[in-house]
Visitor: 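A single structure is presented below for examination.
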Number of protein chains: 2
Amino acid sequence: MAASVKDVARHAGLSVGTVSNVLNRPDTVTDATRAKVMAAIDELGYVRNEAARQLRAGMSNCVGVIVLNSSNPFFNDVAAGAEAWGADANVSVLVGNSGEIVAREKAYLDLFEEQRVRGVLLSPVGQVTKRLQRMRRGGIAAVLVDRDVAGEFSSVSVDDRLGGRLAMQHLIDMGRRRIAFVGGPLSLGQVADRFAGAAEVAGEHSDVTLEFVATDRLTLAHGRVAGERLIARAATTRPDAVFAANDLLALGLLQAITTTRSLRVPDDIALIGYDDIDFAAGAAVPLSSIAQPRFELGRLAMDLLLKEAEDPSRAVERVVLQPFLVARASTGADAVTVA
Amino acid sequence: MAASVKDVARHAGLSVGTVSNVLNRPDTVTDATRAKVMAAIDELGYVRNEAARQLRAGMSNCVGVIVLNSSNPFFNDVAAGAEAWGADANVSVLVGNSGEIVAREKAYLDLFEEQRVRGVLLSPVGQVTKRLQRMRRGGIAAVLVDRDVAGEFSSVSVDDRLGGRLAMQHLIDMGRRRIAFVGGPLSLGQVADRFAGAAEVAGEHSDVTLEFVATDRLTLAHGRVAGERLIARAATTRPDAVFAANDLLALGLLQAITTTRSLRVPDDIALIGYDDIDFAAGAAVPLSSIAQPRFELGRLAMDLLLKEAEDPSRAVERVVLQPFLVARASTGADAVTVA
DNA sequence: GCGCCTGGATGAAACGTTTCATTCCACACT
DNA sequence: AGTGTGGAATGAAACGTTTCATCCAGGCGC
């Protein structure tokens, strides 16, 4: 059906080797033949068969990316960063969404392995160390994104403990003392580290209390539920500030709080999130947040991955980026307060 | 490096044909040999080479999806619908983001064609008719999503004119008369159709005025800018309701309006968006919106695509889904859903 | 006991590239 | 004129599957 290099060769009155040379080493071929081949390609609508090319090369020019939750704009930007950098190196990016589900993570790893991708970029959810080691032995590199596994693999992450510290310190600076951390599960490294950072700072202030409010996942809906739980409390036991493990949770909390109209943000309760997604600035009470260089995160991870794929004996490298505070109205940082 | 079917065969003391049979037609093989092969596979860590498989089969088991803007949660859900349905049929989905840029659309089409995907699902941005026809001749099916091109191809879309009518009618029902449509560019079919629907309804009410407020793109930031323009107007010329072409715009508008605190939503100005993304319900003033069955949209499109890939002579089919109103606080309604 | 049948295993061919050792040819140099 | 020389084209091999015609060993009916 589709024209092959053989058809092109016949049509141009040349050999397949020559056609291949035109395609891959145009300088080794005479201008006249190049023109003839190009004409034949055009005429037949030839499109090279990537599968055959890959089979011959023994490796594809793709890398796989597995994100934790594609409905979180944060991961979108990380993937975009990786893709942009990959495009420069002429590798395509396949994006899979594990949804924090171990089985889906495994399914994508299977897929990528069958495709013989150059490497895999992922924020692991299951116990993948052994699997990744096996894949590495098979020539597939791996770089961890936004999470770190015992120095076995290269990784690019953001210092979540520091982020937790920044958020907590900010709330304290704004005069809050009874603080709740909302998030979960703690099995997610990000959540654990952010909480740990917050706890550290809390420990440095004798008049500050830090409470852990667990959620099952980090979504808008879960944030709403957690918000309703907080609202239902008596004023005396209610926190005067909330540090949410990410912005989706924080925005859910915000919605629960503002719709009931029983509390005001930030007057009655301050709120800070994490990730600084675009919707954070756009919320009706602009949300304070801990920003991460997410595009950069993806870009650096891809860079490390390509280097490692190039030279598998390369030493493991662990890059840690710095988060930073973006203070907005939801913590009273602006003069603006909205009922 | 990686073990091949040949290695497995040797290791199991059988032939490659038999190994292949174990993998692809397990019933034609005796229990004992199956066990032997499985053991060998396990021991060698064999993973089948998808490229070779594809080469032999002449076609991959992937389909490509090209979305207009991956930072709009709407497209995420469309893609998720397509992916879910594809998974049932054992096809993987490659997602590309054109960002409404013709060159990137072309780049993804090239990639997909080289990969010999079964078909392509896309919301076209450039003039792709001829290209898609050529690809179809080469055995690659195409289905258009959320946009329709002159009956040449199958498509799944949502009736944007009706959606525009619904939004407009709702605003009128809520007592609004001076209405502004915010959106653009009109070269986007969705924007044009939604505005056309709104204009139709406006024409049916002699006391209603409809104004067009142009934006360059459909993003949060552009919504914020448009909002500031509206706020700056004198009360007498200011609209009492805004219909935004999508939710990103609407949320941007909302933020501009609420932070200046000069106007209240919905009392001074009602606001309705389009798409009903998750952040709409989660906004501090829950946003009324026109919902589209986006997951279904992706699902149906994938279904059509797979059918067409199966039987290329299949008649073109054009599915049009119905949007529906989700009324929330931003138009002064309680959370009511109307079909 | 002989031929036939059948379930199961076999091995070669083919898919479309790329690579590389080889061949070919024209031209310059001796 | 003969001999190198080097640039350009060639064609076969190989990549890892799947498929399919073939082959083989037993079991069965006669």
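Small disclaimer: the values here were computed from a predicted structure and weren't measured. In what follows, chains are A, B, ... by sequence order, proteins preceding strands, each numbered from 1.
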Visitor: Rounded to whole angstroms, how far apart are CZ on A/Arg34 and C1' on D/dG7?
Guide: 14 Å

Visitor: A/Met59 has an atom CE; how far is it from atom C1' of C/dT18, in whole Å?
Guide: 16 Å

Visitor: Just how far, in rounded Å, is C1' of C/dG16 from CD of A/Glu50?
Guide: 12 Å

Visitor: Which residue, B/Val16 or B/Ala52, contacts DNA chain C at a nucleotide closer to its 5' end, judged by nearest heavy atom?
Guide: B/Val16

Visitor: Under 4.5 Å between any side-chain heavy atoms of A/Arg134 and A/Glu113, yes or no?
Guide: yes

Visitor: Using a strict threshold of under 4.0 Å (side-chain N to carboxylate O), is an ion pair present between A/Arg318 and A/Glu152?
Guide: no

Visitor: Do the side chain of A/Arg56 and the base of C/dT18 come within less than 3.5 angstrom through a donor-acceptor pair of N or O atoms?
Guide: yes

Visitor: Below 4.0 angstrom from OP1 or OP2 of D/dT17, is there any side-chain N or O of B/Ser20?
Guide: no

Visitor: When you get a sec, tell me which of D/dG16, C/dA9, C/dT10 is the closest nucleotide to the side chain of B/Thr33?
Guide: C/dA9

Visitor: What's the CG-P distance between B/Asp27 and C/dG8, to the nearest Å?
Guide: 9 Å

Visitor: Using atom CG of B/Asn61 as one end and atom C1' of D/dT18 as the other, report the distance to the nearest whole Å.
Guide: 14 Å

Visitor: Examine D/dT10: is either OP1 or OP2 under 4.0 Å from a nitrogen or oxygen in the side chain of A/Thr18? Give yes or no.
Guide: yes

Visitor: Taking atom types as modelled and ignoring hydrogens, do the side chains of A/Asp275 and A/Gln292 form a donor-acceptor contact shorter than 3.5 angstrom?
Guide: yes

Visitor: Remember a base hit wins even if backbone is also touched, and classify B/Gly17 as base, sugar-phosphate or nothing at under 4.0 Å, heavy atoms.
Guide: base

Visitor: Check the distance between D/dT10's P and A/Arg10's CZ and give it to me in whole angstrom.
Guide: 14 Å

Visitor: Would you indicate which nucleotide in D/dA9, C/dT17, C/dG8 comes nearest to any side-chain atom of A/Val29?
Guide: D/dA9

Visitor: If you check every side-chain atom of A/Asn49, which of D/dG16, C/dT17, C/dT19 has the closest atom?
Guide: C/dT17

Visitor: I need the CG-C1' distance between B/Leu55 and C/dT18, as an integer number of Å.
Guide: 13 Å

Visitor: The side chain of B/Tyr46 lies closest to which of these nucleotides: C/dT10, C/dT17, D/dT17?
Guide: D/dT17

Visitor: If you only use heavy atoms from C-beta on, which nucleotide in C/dT17, D/dT17, D/dC20 is closest to the side chain of B/Arg116?
Guide: C/dT17

Visitor: Classify the nucleic acid contact of A/Asn24 as base, sugar-phosphate or nothing, counting any heavy atom under 4.0 Å across all strands shown.
Guide: sugar-phosphate

Visitor: Counting side-chain heavy atoms from CB outward, which of C/dC20, C/dG16, D/dC15 is closest to B/Lys6?
Guide: D/dC15

Visitor: Taking C-beta and beyond as the side chain, do A/Glu296 and A/Leu300 meet within less than 4.5 Å on heavy atoms?
Guide: yes

Visitor: Is a side-chain N or O of B/Gln190 found less than 3.5 angstrom from the main chain of B/Asp146, in a donor-acceptor match?
Guide: yes

Visitor: Identify the residue among A/Val91, A/Val156, A/Val143, A/Val65 that makes a side-chain contact (heavy atoms from CB on, under 4.5 Å) with A/Leu305.
Guide: A/Val143

Visitor: Side chain of B/Arg53 only, heavy atoms from C-beta on: which candidate in D/dT10, C/dA9, D/dT17 is closest?
Guide: D/dT17

Visitor: When you measure from the side-chain N and O atoms of B/Ser15 to the phosphate of C/dT10, is any distance below 4.0 Å, counting only OP1 and OP2?
Guide: yes

Visitor: In whole angstrom, what separates B/Asn21's CG from D/dT18's C1'?
Guide: 9 Å

Visitor: Output the single nucleotide from C/dT19, D/dT17, D/dA9 whose closest atom is nearest the side chain of A/Arg25.
Guide: C/dT19

Visitor: Just to be sure I understand the rule, does B/Leu23 reach a base, reach only the sugar-phosphate, or reach nothing, if contact means heavy atoms closer than 4.0 Å?
Guide: nothing

